[in-house]
Amino acid sequence: MSGPVRVRFAPSPTGTLHVGGARTALFNFLFARHHGGTFILRIEDTDRERSTQESVGAIFEGLRWLGIDWDEGPDKEGAHGPYFQSARLAGYTAAAGRLLEEGKAYRCFCAPEELKRRREAALKRGEPPKYDRTCLRLPPRESDARAAAGEPHAVRYRMPDDGETAWNDAVRGDVTFQNATLDDLVIFRADQHPTYNFAAVVDDAAMEISHVIRGDDHISNTPRQLRLYAALGLAPPVFGHVPMILGPDGTRLSKRHGAQSVMEFRDAGYLSEALVNFMALLGWAYDGERELFTLAELGEAFTLERCSKNPAIFNYEKLDWMNGEYFRALPLARRAELVAEHLRAEGALAPEAYADRTELERAVAAVGDRMKRPQQFLDYAAYLFVERVEPEQGPWEELLAKPGAPSRLRSFATLLEGAASLDHDALDQSSRALAKEEGVKFGDMVMPARIALTGKKVSPGIFDVIALLGRERTVRRLRDMADRIESAAGAAKA
RNA sequence: GGCGGUAUCGUCUAGAGGCCCAGGACGUGGCCCUCUCAAGGCCAAAACACGGGUUCGAAUCCCGUUACCGCUACCA
């Protein structure tokens, strides 16, 4: 517990980096930063069936994007490497051999299918599905002979029959398990690979991990691992189990809940700063008041004592809000860049639309804080990139319902045609004067124009839209819309 | 089924016996600002799961119930 702080994030490369894993990584990272310790990345690829190289790459990419840099790990070899469990097999084999020799573990020749059958039968009878210790009762000589003959077998750790295993959890306090409820877990598989609980213990000890911070789905693994530490004569680390992240329906976050991998959030336009900040608040709070933190500030503020014990439901609306906070704070050039990036990725516009970065920046500036994510840009600017505006149903009906709309559009067009400049304030003045002259409310003149120009009832300020469109296009759209309204009205009458 | 964990507004949470007829944030509703929408400002509705204790006093401690979650693999 004294000694340097060394924590790790130990994902299994069986998929992408999802928010649950990322949050665990983040907490470990923050804990290390807070204590000036070391954050280690270790890849737990002992499941040869499911581990893939692509997943390893996805985890790296996700962590890097979030800004969670590891001090030791793949690509950052330290004194405790290697950092892939597949490269540390010798250590597990030796440790298992030692336990076997000392009689703390035994070989199990039971076939997996047979085990499964017994388990189901026990469950059916309403009994706990513990391993029945068939192979523990094997005479040592027989066990040795069968192993020598090459019969495939696993190695099981022999759990104590009584007593209890307890620890003081750094976030939950005292947790106790009766040893009698623990069964003889397999530590080494027939395929010569260690199981998770065993490899984790051997590595955490070898890597001198001081604190194991992980999701609370690991609570029931902890007593097993504690027994293993004891059997191996190793000092256990401090354990801290943080609450899990649930989907909106209260079940474990999964694909069903929409975006879940960190990269999907990036592609949806979320900023890593926002996602990090948001994830930090899932299961941790500073004082219940302050909510906006940079990664560095989180490192300053983060402590296990302030982690909550209850599971947190992932709140997409709040993430959206937070992303808006960060997005709006970005310099204009950066926002425009992100918008361009997104537009390009979506293939949303013709290539020439991106040619003029200044033009794009003007549009982004006009859209202003209406967008929380780059993907919302087109909601407020699509009309800039089309030849002719096709009004949406609602707005179109509104135009038809307003009897004076066409004439207002025309007089507004005339005004703009003759305006000395498209300067915002000048136009604002002359437009208001015009409205007054015609005896209509300013808003009643602006709204038809907005619809004629953008096809929508919602847009940036009308004078920003005009400036962006330019005099030619503006005047043309205004008059064109007046014509269309009239011909539609005429058709309706006839 | 067994074991373990958790239980404060719809959601994330503050609260570690009196400061709480419970605070903040998202979301929701209203008002203001206003050319629309955002942003911003103001206001509002909204919670201590239930039942027993302990105590002068409990959201805070103990017990039980209920609910939810996790584990119960030769997955991690």
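Model, not experiment: these values are computed from the prediction. Within every chain, numbering begins at 1; the chains are lettered A, B, ... in the order of the sequence lines, protein sequences first and strands thereafter.
Taking the ring axis of A:Phe293 as reference, the NZ or CZ atom of A:Arg290 stays within 45° of it and closer than 6.0 Å to the ring centre. Remark: A:Arg23 qualifies as a cation-pi partner of A:Phe27 under the 6.0 Å distance and 45° angle criteria applied to the six-membered ring. Under a cutoff of 6.0 Å and an axis angle of 45°, A:Arg156 and A:Tyr131 form a cation-pi pair.
Between A:Thr195 and A:Arg450, the residue anchored nearer the 5' end of RNA chain B, judged by the nucleotide with its closest heavy atom, is A:Arg450. Of the residues near RNA chain B, A:Ile462 and A:Tyr286, the one whose nearest nucleotide (by heavy atom distance) lies more toward the 5' end is A:Tyr286.
Note on A:Thr176: only backbone sugar-phosphate atoms sit closer than 4.0 angstrom, heavy atoms only; bases stay farther off. Residue contacts for A:Leu115: at a heavy-atom cut-off of 4.0 Å it reaches a base atom on one of the strands shown. Among the protein residues, A:Arg214 comes within range of no part of the nucleic acid, since none of its heavy atoms lies under 4.0 Å from any strand. Residue-level contact check: A:Gly215 touches neither bases nor backbone, having no heavy atom under 4.0 Å from any strand. Across all strands, A:Lys309 comes closer than 4.0 Å only to sugar-phosphate atoms, never to a base (heavy-atom distances). Among the heavy atoms of the strands, none lies under 4.0 Å from A:Arg290. Across all strands, A:Gln192 comes closer than 4.0 Å to no nucleic acid atom at all (heavy-atom distances). Nucleic acid contact class of A:Ser459 (heavy atoms, under 4.0 Å, all strands): base. Nucleic acid contact class of A:Glu291 (heavy atoms, under 4.0 Å, all strands): base. Residue A:Ala190 is in base contact, counting any heavy-atom pair closer than 4.0 Å across all strands shown. Using a 4.0 Å heavy-atom distance criterion, A:Asp287 is classed as a sugar-phosphate-only contact. As judged by a 4.0 angstrom heavy-atom cut-off over every strand, A:Thr46 is placed among residues touching the sugar-phosphate backbone only. Residue-level contact check: A:Pro243 touches neither bases nor backbone, having no heavy atom under 4.0 Å from any strand.
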Protein-nucleotides 68-72 of chain B N/O pairs under 3.5 Å:
from, atom 1, to, atom 2, distance (Å)
B:rG70, O2', A:Asp217, O, 3.3
B:rC71, OP1, A:Arg252, NH1, 3.2
B:rC71, O4', A:Ser220, OG, 3.2
B:rC71, O2', A:Ser220, OG, 3.2
B:rC71, O2', A:Arg224, NH2, 3.2

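Across all strands shown, nothing is found opposite B:rU54 as a Watson-Crick or G-U wobble partner with both distances under 3.5 Å. In this entry B:rC19 has no Watson-Crick or G-U wobble partner, no candidate having both defining distances under 3.5 Å. The partner of B:rG4, taking Watson-Crick or G-U wobble pairs whose two distances both stay under 3.5 Å, is B:rC69. Base pairing analysis places B:rC31 opposite B:rG41; the two distances defining the Watson-Crick or G-U wobble pair are each below 3.5 Å. Look at B:rU60: it lacks any Watson-Crick or wobble partner with both distances under 3.5 angstrom. B:rA25 is paired with B:rU11 under the criterion used here, namely a Watson-Crick or G-U wobble arrangement in which both key atom distances are under 3.5 Å.
A straight line from CG of A:Leu100 to P of B:rC74 spans 17 Å, rounded to a whole angstrom. Distance OH (A:Tyr157) to P (B:rA73): 18 Å, rounded to an integer number of Å. Taking atom CD1 of residue A:Ile313 and atom P of nucleotide B:rC26, one finds them 19 Å apart after rounding to whole Å. In this structure, the CE atom of A:Met322 is 12 Å from the C1' atom of B:rU13, given to the nearest Å.
Nucleotides B:rA49 and B:rU60 are separated by 16 Å at their C1' atoms, to the nearest Å. With C1' as the reference atom, B:rG10 and B:rG18 are 31 Å apart, rounded to whole Å. Comparing the C1' positions of B:rC68 and B:rC74 gives a spacing of 31 Å, expressed to the nearest Å. Remark: the separation of the C1' atoms in B:rG64 and B:rU72 is 25 Å, to the nearest Å. The C1' atoms of B:rG41 and B:rU55 are separated by 46 Å, rounded to the nearest whole Å. Only the C1' atoms considered, B:rC9 is 10 Å distant from B:rA45, to the nearest whole Å. Nucleotides B:rG23 and B:rG5 place their C1' atoms 27 Å apart, quoted to the nearest Å. Straight-line distance between the P atoms of B:rC19 and B:rA59: roughly 9 Å, to the nearest whole Å.
Contact check, A:Asn310 against B:rA7: a side-chain N or O comes under 4.0 Å of OP1 or OP2. Proximity of A:Arg107 to the phosphate of B:rC74: no side-chain N or O atom is located under 4.0 Å from OP1 or OP2. Taking only side-chain nitrogens and oxygens, A:Arg306 comes nearer than 4.0 Å to OP1 or OP2 of B:rG15.
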(request) Please assess A:Tyr92 against A:Asp203 for the test side-chain hydrogen bond (donor to acceptor under 3.5 Å, both in side chains), listing each intermediate value before the final yes or no. (result) CA-CA 9 Å; A:Tyr92 315 127; A:Asp203 283 344; 2.5 Å; yes

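Taking every side-chain heavy atom of A:Ala154 into account, B:rC74 is the closest of B:rU36, B:rC74, B:rC35. Ranking B:rC37, B:rC74, B:rG4 by closeness to the A:Val175 side chain, first place goes to B:rG4. Nearest to the side chain of A:Asp369, among B:rA25, B:rC75, B:rA38, sits B:rA38. You'll find that the side chain of A:Arg432 is closest to B:rU34, out of B:rU34, B:rU13, B:rG40. The side chain of A:Arg370 lies closest to B:rC37, out of B:rC37, B:rU34, B:rC26. Side chain of A:Arg172, nearest nucleotide from B:rG5, B:rA76, B:rA38: B:rG5. Relative to the side chain of A:Arg156, the nucleotides B:rC74, B:rA39, B:rU11 differ in distance, and B:rC74 lies closest. The listed nucleotides are B:rA25, B:rA76, B:rG40; the one nearest the side chain of A:Glu325 is B:rG40. Comparing B:rA39, B:rG4, B:rC37 by their closest approach to the side chain of A:Tyr380 singles out B:rC37. Comparing B:rG23, B:rC75, B:rG27 by their closest approach to the side chain of A:Glu289 singles out B:rG23.
A 6.0 Å sphere centred on CD of A:Glu127 holds more than 12 heavy atoms belonging to other residues, nucleotides or ligands.
Considering all non-hydrogen atoms of both residues, A:Ser220 and A:Arg224 come closest at O-NE, 3.2 Å.
Judged purely by atom type and a 3.5 angstrom limit, A:Lys456 uses its side chain to pair as donor or acceptor with the backbone of A:Asp379.
Looking only at atom types and distance, the side chain of A:Arg146 has no donor-acceptor partner in the side chain of A:His153 under 3.5 Å away. Residues A:Tyr326 and A:Asn277 have side chains that bring a donor and an acceptor to within less than 3.5 angstrom of each other.
Side-chain atoms of A:Cys110 and A:Arg118, non-hydrogen and from C-beta on, do get closer than 4.5 Å to each other. Proximity of A:Val238 to A:Leu304: side-chain heavy atoms (C-beta onward) are nowhere separated by under 4.5 Å.
Using a 4.0 Å cut-off between charged side-chain N and carboxylate O, A:Asp161 and A:Arg133 make a salt bridge.
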